[in-house]
Structure formats: C-alpha cells, structure tokens
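Just below is one structure, and these are the notes that go with it.
In each ligand, atom 1 is the first atom listed, and ligand 1 is the first ligand listed.
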Amino acid sequence: MTDGSHGLSARINEVREQAIEELKSVSDGETLRDWERKWIGPKGEITSMLRSLGSLAKEDRPAAGRDAQALRSKLEAAFTPVQELIERQQMERRLAEESIDVTLPGRRPDIGAAHPISAMIDELIEIFAHLGFQAVFGPEVETGRYNFDLLNIPADHPARDVWDTIIIDDPAAEIVMRTHTSPMQARTMERLDPPIRVIVPGRSYRYEAQDASHEWMFTQLEGLAVDTNITMTDLKGVLQELARQLFGPERRVRLRCDFFPFVEPGVDFAVDCAICNGKGCRVCKHSGWLEMGGAGMVHPNVLRGVGYDPEKYTGFAFGLGFERLVMMKYGVDDIRAFNGNDLRFLKKFATVTI
Ligand code: PHE
C-alpha cells in the first residue's frame, strides 16, 4: 500500500464520520438537499474522491475505488430513511394545514320562497284542476279588440270609461296594458271549441293612484266555461266550491246583480267572512261578507264575436282579484306590501320553498 492510498482511506474515514454526523442534524428538506449535494451528489465529495483515484498508484486504485463506492452506498443507505422521514413530516404538516373540520356547522344559504301571490296562483290552479279547469296564460300587452271590442265594449260605449287604461305608444293603435284578464275569454274561444273550461291567472294594469287598497298592477284570475246547457247554477256551484276550498267547508257564497258589458246577467260575488262566521268584524268591515269579484253568463254578443252560436252554447265567466284574496286570507292590510319588496313582509309567507 502506497502513501497515496493511505491518504485516501484516511479521507474516506473522515468523510464517513463527518457526513454521518452532519446527517444527524438535518431537520428539513432544504438542509437534506444541501447534505445530498455536498456528499453524494454529482459534484459532491464522493465524486471528487473517485475522480482523484487517477493520481494513485495503479495497484492501489481498485481497492480505493471499492472503498469509495462502499462509502457512497453507505451514505446513500443512511440518506434514504432520513429523506423518507422528512417527506412524511412534510406531508403530515400539509395535511394538517389543509384539513377541514367537517363537523363544523355550515353557513346557511338564504333560501328563497314563493311570493304570496305566486303561492296563491299555484293553490288556485290546483283547486280548479280538480274542477276540470285548465290554466292558460295570455299577453299582458293587448289590443283594444281583445281588451274591449270582443268583450262587447264598443268604442263609444260608456263602460269603456270604467277602466282607466295604460296605453302603450300611439293611442290610435290602441295597444294597451290589459286592464283585466277577460281578453283571454275571446282568445281562448277563438283557439278552442266547446266544451271549454279554463282559468287565466295573470297580471292586469290600470292607470290608478295607489293607496292601501289600489295598485296600478295587480293579479286577476279569470274563469270561463262554455258548453251546451251551462247555467247560472253551474257558476254558483263553482264559486261555492272555490270559497270552500279557500276558506273552509262552512263558507257560503252570495251573488248580487251587477253590470259588466260582457256578461248577462252579471253579478258580483262575495263569500261570508271566515273570521267572524258572517257576524261582522274588522276584516269584513262589519258587513259579514267579503267581496271577491265579478261574474255572470257570457253575453251572446261575446259568443257571436268569436263565431259561436249563442243558441247552441252558453257559458259563464268570472274574475277575481288575487291581492284582495291573499289580503283576506292572511289579514294583510295594505296592497302595496306585495310589490314593496320588504323581506320582512315576504318572509312571513316563506312556507313554500322553491
Ligand atoms: N273583468 C272584470 C273586472 O276586471 C271581472 C269580470 C270577469 C266580470 C268576468 C264578469 C266576468 O272587473
């Protein structure tokens, strides 16, 4: 063994001790990488050791080479478990940081609910479905022909003044916001043949000063039945059933003469007050009755206007206001609340979630 190989084996021992010692104080990924670079990396201590083999005497090279390789294996073997440990620690730390507590109660989202008018529309569609009526919907912008003419309200008829109409654009063209859902009577009869049983829930508009009981936009429900042998009794039966479904089985309906150009005879209809059983209270303004709307037998002129033979067919029609109905049912005392967008009001009806 030459001096040179002595020097190398001393160096190997030194490197081993120092490297192992340093490995003990490695505590994170960064110092581990430094350690790897310094000792076993491609530019590390072992590599330079192997490069220096050339300066040894030829016969010493194989043994020295083996020793150096053995040292590399030893250092790599020592390195691996430390690397694994540090990686595991890093992973655990990340998991701890990123973990979520699934037992924590979530933030409750604000769940919307059907508007009281929409809920009432759904309720009425359901009630009338059981009576054989189908719901149809029509345009809110109408022509004078459907809103007035076909309803037996000619241009010079004084009844035309009954509705204060919101007119769209050119008054001569008579494009109006429909003042009631009745235009759907003619539209439906033009499209279908008897027997007809439809209801028309929808918005109507009148040019009106607002107060606690008047709105310029409101919701109506139109009803129309046309067939052979339809009589006033059928009308009363349907209205009676409606009142009972809405306000309970005890309710009675009252019909009184009234005038609407598109019905003959015409009536207004009321239901006895469910709050006081007809005795008189604040809700029914001490009359015992709650006014619901207008109704009557479809006027022969209306039937003729859509090409029906009034000798063959008869029918009844009725119209009622939704807002009034909901106000009566839930004791709301200001119609403006419906479109006021005050959540405190709307949430009181939040039983139907959508
Ligand atoms: N359209 C009438 C109104 O708005 C109500 C009504 C409908 C009356 C059908 C009779 C028949 O006042």
Side-chain angles (χ1 to χ4, degrees), residues 117 124 128 131 133 135-140 142-154 157-166 176-189 196-208 213-227 230-240 242-243 253-271 290-303 305-306 308 310 313-325 335:
I117 296 294
L124 287 177
F128 278 103
L131 294 171
F133 285 73
V136 295
F137 300 85
E140 291 174 22
E142 266 296 1
T143 58
R145 179 174 159 76
Y146 285 100
N147 197 80
F148 299 120
D149 298 337
L150 285 174
L151 289 166
N152 199 34
I153 314 170
H157 197 288
R160 212 141 176 164
D161 303 333
V162 171
W163 293 276
D164 283 338
T165 308
I166 298 174
V176 302
M177 299 305 290
R178 68 176 175 195
T179 57
H180 47 182
T181 43
S182 301
M184 276 303 283
Q185 289 187 22
R187 285 190 182 276
T188 304
M189 287 190 277
I196 287 174
R197 278 169 186 74
V198 293
I199 52 162
V200 190
R203 286 188 180 137
S204 304
Y205 304 81
R206 287 180 200 175
Y207 187 68
E208 195 130 42
S213 52
H214 294 89
E215 258 283 17
W216 61 272
M217 178 178 81
F218 52 98
T219 320
Q220 281 192 330
L221 183 93
E222 192 83 7
L224 176 71
V226 184
D227 202 347
I230 296 262
T231 69
M232 199 86 176
T233 315
D234 300 311
L235 169 63
K236 189 162 186 187
V238 165
L239 295 178
Q240 185 101 296
L242 169 64
V253 162
R254 179 190 71 186
L255 305 185
R256 288 192 311 191
C257 285
D258 201 351
F259 173 73
F260 301 93
F262 36 94
V263 285
E264 178 59 37
V267 294
D268 70 49
F269 65 101
V271 56
L290 298 166
E291 300 274 350
M292 290 184 72
M297 300 306 290
V298 180
H299 197 288
N301 286 350
V302 174
L303 294 172
V306 294
Y308 284 12
Y313 294 115
T314 51
F316 67 74
F318 61 87
L320 55 92
F322 269 72
E323 281 78 6
R324 191 99 76 72
L325 215 59
I335 196 171

How close do [X] and [Y] get, heavy atom to heavy atom, and via which atoms?
| X | Y | value |
| --- | --- | --- |
| Leu235 | Gly296 | CD2-N, 3.8 Å |
| Glu222 | Gly319 | OE1-CA, 4.2 Å |
| Met189 | Val306 | CB-CG2, 3.7 Å |

Between [X] and ligand 1, which part of the residue brings a heavy atom under 4.0 Å of the ligand: side chain, backbone, both or neither?
| X | answer |
| --- | --- |
| Ser204 | neither |
| Met297 | neither |
| Phe318 | backbone |

Need the ligand 1 atom indices (1-based, order shown) with element for anything under 4.0 Å from a heavy-atom of [X].
| X | result |
| --- | --- |
| Arg206 | 3 (C), 4 (O), 12 (O) |
| Ala295 | 8 (C), 10 (C), 11 (C) |
| Ser182 | 1 (N), 7 (C) |
| Gly319 | 6 (C), 7 (C), 9 (C) |

- Test the Arg178-Tyr146 pair against the cation-pi criterion, namely NZ or CZ under 6.0 angstrom from the six-membered ring centroid and within 45° of the ring axis.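 No, Arg178 does not sit over the ring of Tyr146.
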- Go through the steps to decide whether Val263 and Phe316 satisfy the test side chain to side chain contact (heavy atoms under 4.5 Å, CB included), and finish with yes or no. CA-CA 8 Å; Val263 285; Phe316 67 74; over 6 Å; no
- Query: Between Arg203 and Glu215, is a salt bridge (charged side-chain N to carboxylate O under 4.0 Å, His left out) present by the stated rule, with each step listed?
  - Reply: CA-CA 11 Å; Arg203 286 188 180 137; Glu215 258 283 17; over 6 Å; no
- Message: Between ligand 1 and Gln220, is the shortest N or O to N or O distance under 3.5 Å?
- Response: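 Yes, Gln220 has an N/O under 3.5 Å of an N/O on ligand 1.
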